[in-house]
2 protein chains.
Amino acid sequence: MNVENGTGKRVTMATVGRMAGVSQVTVSRALSDPSKVSPETLRRIREAIELTGFVPNAIAGALASNRSNLVTALIPSLTNVVYSSFMAPFSETLRARGYQILLSETGFDPSEEEALISAHLSRRPDAMLLTGIQHTAATRRLLLGAAIPVVEVWDLSDSPVDLCVGFSHAEAGRAVADFALDLGHSCAASVTASDERAHRRRRAFADRFSARGGASVRDVDVGGPASIRAGRTALAGLIEGQGPTPRLVFCSSDLLAHGVMIEAQARGLSIPEDLAVIGFGDQDFAAELEPALTSVRVDRKRLGRLAAEALLARLAKSEVTHPVVDVGFEIVRRGTT
Amino acid sequence: MNVENGTGKRVTMATVGRMAGVSQVTVSRALSDPSKVSPETLRRIREAIELTGFVPNAIAGALASNRSNLVTALIPSLTNVVYSSFMAPFSETLRARGYQILLSETGFDPSEEEALISAHLSRRPDAMLLTGIQHTAATRRLLLGAAIPVVEVWDLSDSPVDLCVGFSHAEAGRAVADFALDLGHSCAASVTASDERAHRRRRAFADRFSARGGASVRDVDVGGPASIRAGRTALAGLIEGQGPTPRLVFCSSDLLAHGVMIEAQARGLSIPEDLAVIGFGDQDFAAELEPALTSVRVDRKRLGRLAAEALLARLAKSEVTHPVVDVGFEIVRRGTT
DNA sequence: TTGAAAGCGCTAACAT
DNA sequence: ATGTTAGCGCTTTCAA
């Protein structure tokens with residue numbers, strides 16, 4: 001609560017109005033549409049606001065108008081740059097239009113997501129962003145009941161809750177397989193973090209690779225979040241374990257790929273001659289490694305912006321011609337292949 | 001808004017109460033303190049909630065109770081792991097106590113921070129987290145007027161707005177200088193990103209280094225955010241530019257240090273024999289590089305947790321014995337020194 | 001251009 | 001154990 005000159009009394013529009021010699025409604029008008037108030041009145045109101053340090057109460061405003069100017073977002077992890085980097089342009093685009101963002105992390109857990117959605121909906125957001133397309137039945141029911149614009153990102157769905165901006169993980173996996181095969185590889189492995197989407201990419205990669213004549217693809221599931229350490233361990237396992245040593249490794253993230261590269265170099269393998277490495281996400285550091293890492297790039301800034309714009313279109317009640325937007329991906333070939 | 005079985009009517013506590021044959025207040029009680037309601041009534045209310053898909057309106061609740069259960073946070077950058085990694089335990093600790101977190105990024109800009117603080121305060125948060133101790137005068141006034149618990153983190157202040165959890169950047173800089181000198185170094189340089197706190201560390205490092213007999217410390221200001229690329233460029237400039245080539249480089253972040261290492265290795269310099277490197281932040285990858293990077297570690301998880309606990313103590317109106325908490329730092333020596 | 005009145009959906013007293 | 005009554009600080013609508 002804001003305090004009037006230390007007198008301990010809460011400052012409201014009524015306080016400001018009294019000070020400016022007008023009613024509370026006029027203060028409200030001065031703030032929401034200054035052109036509806038005479039210049040002189042406006043001046044006195046602004047003076048009173050300055051003097052009292054009045055900050056409008058958005059809670060009361062939201063209750064009265066049934067608009068919260070809040071958009072909430074759910075992402076798997078705050079510290080994972082892949083997600084935080086589309087959140088930045090998403091927030092920016094919405095903030096420019098007067099919305100604030102309430103952000104929570106689900107930790108890749110659909111039931112945690114369900115609990116968070118309830119909590120978020122209780123704040124009566126005007127719109128919502130979800131990461132991924134896999135939600136519990138209860139989550140979908142809550143969302144439909146809320147009757148607000150919802151955008152699902154970082155994946156593609158035939159039957160989105162509402163809007164969807166992303167790319168096909170299966171297609172990405174297949175594209176990497178084609179890329180590897182066309183380079184002449186026939187013995188590949190994959191290293192995958194605990195993430196349903198990463199597994200979908202891996203499966204599509206393996207299926208396509210074998211289907212087009214490559215050897216069966218060995219996979220290491222690192223059993224947790226991606227890290228350099230996990231990548232190192234995974235390659236060690238691949239080399240020391242059963243089966244032929246792969247000549248190419250497709251990693252579910254650049255972080256894992258970095259670990260694979262470090263382990264390979266520590267073992268005296270040269271990249272890409274002895275071992276080719278492909279990452280996913282094309283994080284900033286990928287281009288800077290030695291050799292530079294070949295990776296799958298998704299335009300995350302564009303994805304964030306498009307997701308925000310899709311919601312804004314819905315909120316403006318304009319026609320949404322394409323509820324599902326495929327932002328695609330691109331394999332960026334560098335030194336590791 | 002939630003919708004009752006598609007009839008288009010909003011579901012409120014009154015709707016639920018009518019359905020369960022009780023008044024609206026009883027529904028409120030059933031939700032906030034079930035022990036105050038008879039088991040049979042509770043059962044009927046829960047049934048009605050289930051049937052209608054009722055989600056409580058936290059906006060109305062906040063307005064009536066003058067408690068929003070919201071804590072807002074301002075950090076310089078969402079995508080910088082240094083900040084997002086203390087936000088995770090901060091959020092977690094508060095969420096366990098029923099608070100939600102509204103998070104925005106300031107982009108290291110105090111005037112942007114000021115604008116955001118106004119917006120945040122309009123949501124009437126119960127408490128607030130700020131990164132750093134440098135705020136505009138208007139910001140401080142707004143904060144004092146709001147009369148809520150505020151915690152400033154990632155720095156130390158003699159005169160905090162309210163609470164403070166962090167460490168001394170000047171002391172960190174001096175400790176690194178002592179560390180380098182004790183290792184026998186006498187010719188050092190620094191590579192620094194555009195960040196006031198980084199510059200404070202750099203200055204303290206240079207001052208102590210010279211004061212204890214080292215040569216004057218050359219510095220490269222990368223003139224932007226830290227990145228591997230910027231680190232590479234900085235070292236190249238240091239080697240090709242005027243002045244003696246340093247035998248040790250203190251970087252304002254691990255990312256810059258990584259860039260310095262890559263550039264050094266690309267030039268055939270061996271680390272640490274030809275060039276010693278020290279980072280800051282001790283990010284996950286630091287220990288995994290070859291050689292592993294010596295860095296300054298700050299326990300960010302603990303910092304986040306302590307910041308949350310400090311706010312919770314204030315909110316519980318319990319005595320706060322130590323408004324300023326120094327979480328310290330630690331130089332982790334690894335292969336690059 | 002301004003104001004009066006009603007009401008948003010809850011919680012906090014105070015009854016019963 | 002349950003209900004009644006008054007707000008919370010705004011926006012909306014209608015009137016002047």
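Throughout, protein chains are lettered first and strands after them, A, B, ... in sequence-line order, and every chain is numbered starting at 1.
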Strictly under 3.5 Å: I want the nitrogen or oxygen pairs between protein and nucleotides 3-5 of chain D, one per line.
residue	atom	partner	partner atom	Å
dG3(D)	OP2	Ser23(B)	N	2.9
dG3(D)	OP2	Ser23(B)	OG	3.1
dG3(D)	OP2	Thr26(B)	OG1	2.5
dG3(D)	N7	Arg29(B)	NH1	3.4
dG3(D)	N7	Arg29(B)	NH2	3.3
dG3(D)	O6	Arg29(B)	NH2	2.4

Which residues share a side chain to side chain donor-acceptor pair (under 3.5 Å) with [X], sequence neighbours left out:
X: Asp195(A); result: none
X: Thr106(B); result: none
X: Ser104(A); result: His120(A)
X: Ser32(B); result: none

Need to verify one output field. Residue with the more 5' nearest nucleotide on DNA chain D, Pro39(B) or Ala60(B)?
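First, find each residue's nearest nucleotide; the 5'-ward one identifies Pro39(B).
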Rounded to the Å, how far apart are [X] [atom1] and [N] [atom2]?
X: Asp126(A); N: dT11(D); atom1: CG; atom2: P; value: 14 Å
X: Leu31(A); N: dT11(D); atom1: CG; atom2: P; value: 8 Å
X: Asp33(A); N: dC10(D); atom1: CG; atom2: P; value: 18 Å

For residues 145-155 of chain A, dump all side-chain donor-acceptor pairs below 3.5 Å to protein atoms at least two apart in sequence or in another chain.
residue	atom	partner	partner atom	Å
Glu152(A)	OE1	Val161(A)	N	2.8
Glu152(A)	OE2	His135(A)	NE2	2.8
Asp155(A)	OD1	Arg200(A)	NH1	3.2
Asp155(A)	OD2	Arg200(A)	NH1	3.1
Asp155(A)	OD2	Arg200(A)	NH2	2.6

Treating Ser118(B) as the side-chain partner and Ala115(B) as the backbone partner, does any N or O pair qualify as donor plus acceptor under 3.5 Å?
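Judged by distance alone, no pair lies under 3.5 Å.
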Spell out, as yes or no, whether a donor-acceptor pair under 3.5 Å connects the side chain of Thr131(B) to the backbone of Leu74(B).
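Such a contact is found between Thr131(B) side chain and Leu74(B) backbone.
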Inter-end axis angle, the helix from dT1(C)-dA16(D) to dT16(C)-dA1(D), with every axis fitted to five base pairs (rounded, 10 degrees):
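Terminal axis comparison yields 30°.
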Not counting sequence neighbours, list each pair that qualifies as a salt bridge (charged side-chain N to carboxylate O under 4.0 Å, His left out) and has a residue in residues 94-103 of chain B.
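Residue pairs with at least one partner in residues 94-103 of chain B: Glu112(A)-Arg95(B), Glu92(B)-Arg95(B).
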Using the heavy-atom set of chain B and a strict 4.0 Å cut-off, write down the first and last nucleotide of DNA chain C that makes it in, 5' to 3'.
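Here the contact window of chain B covers dG9(C) to dA13(C).
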Contacts under 3.5 angstrom, residues 23-30 of chain B side chains, donor-acceptor by atom type, not counting sequence neighbours:
residue	atom	partner	partner atom	Å
Ser23(B)	OG	Val25(B)	N	3.4
Ser23(B)	OG	Thr26(B)	OG1	3.4

Just to be sure I understand the rule, does Thr41(B) reach a base, reach only the sugar-phosphate, or reach nothing, if contact means heavy atoms closer than 4.0 Å?
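Sugar-phosphate, backbone atoms only, no base.
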Could you name each residue pair satisfying side chain to side chain donor-acceptor pair (under 3.5 Å) that touches residues 139-148 of chain A, not counting sequence neighbours?
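For residues 139-148 of chain A: Thr136(A)-Thr139(A).
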Looking at dT2(D), I'd like to know if its phosphate oxygens (OP1 or OP2) sit under 4.0 Å from a side-chain N or O belonging to Ser38(B).
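True: Ser38(B) side-chain N/O within range (under 4.0 Å) of dT2(D) OP1/OP2.
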Of all residues at least two apart in sequence or in a different chain, which pass the salt bridge (charged side-chain N to carboxylate O under 4.0 Å, His left out) check with Arg43(A)?
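Here the qualifying residues are Glu40(A), Glu47(A).
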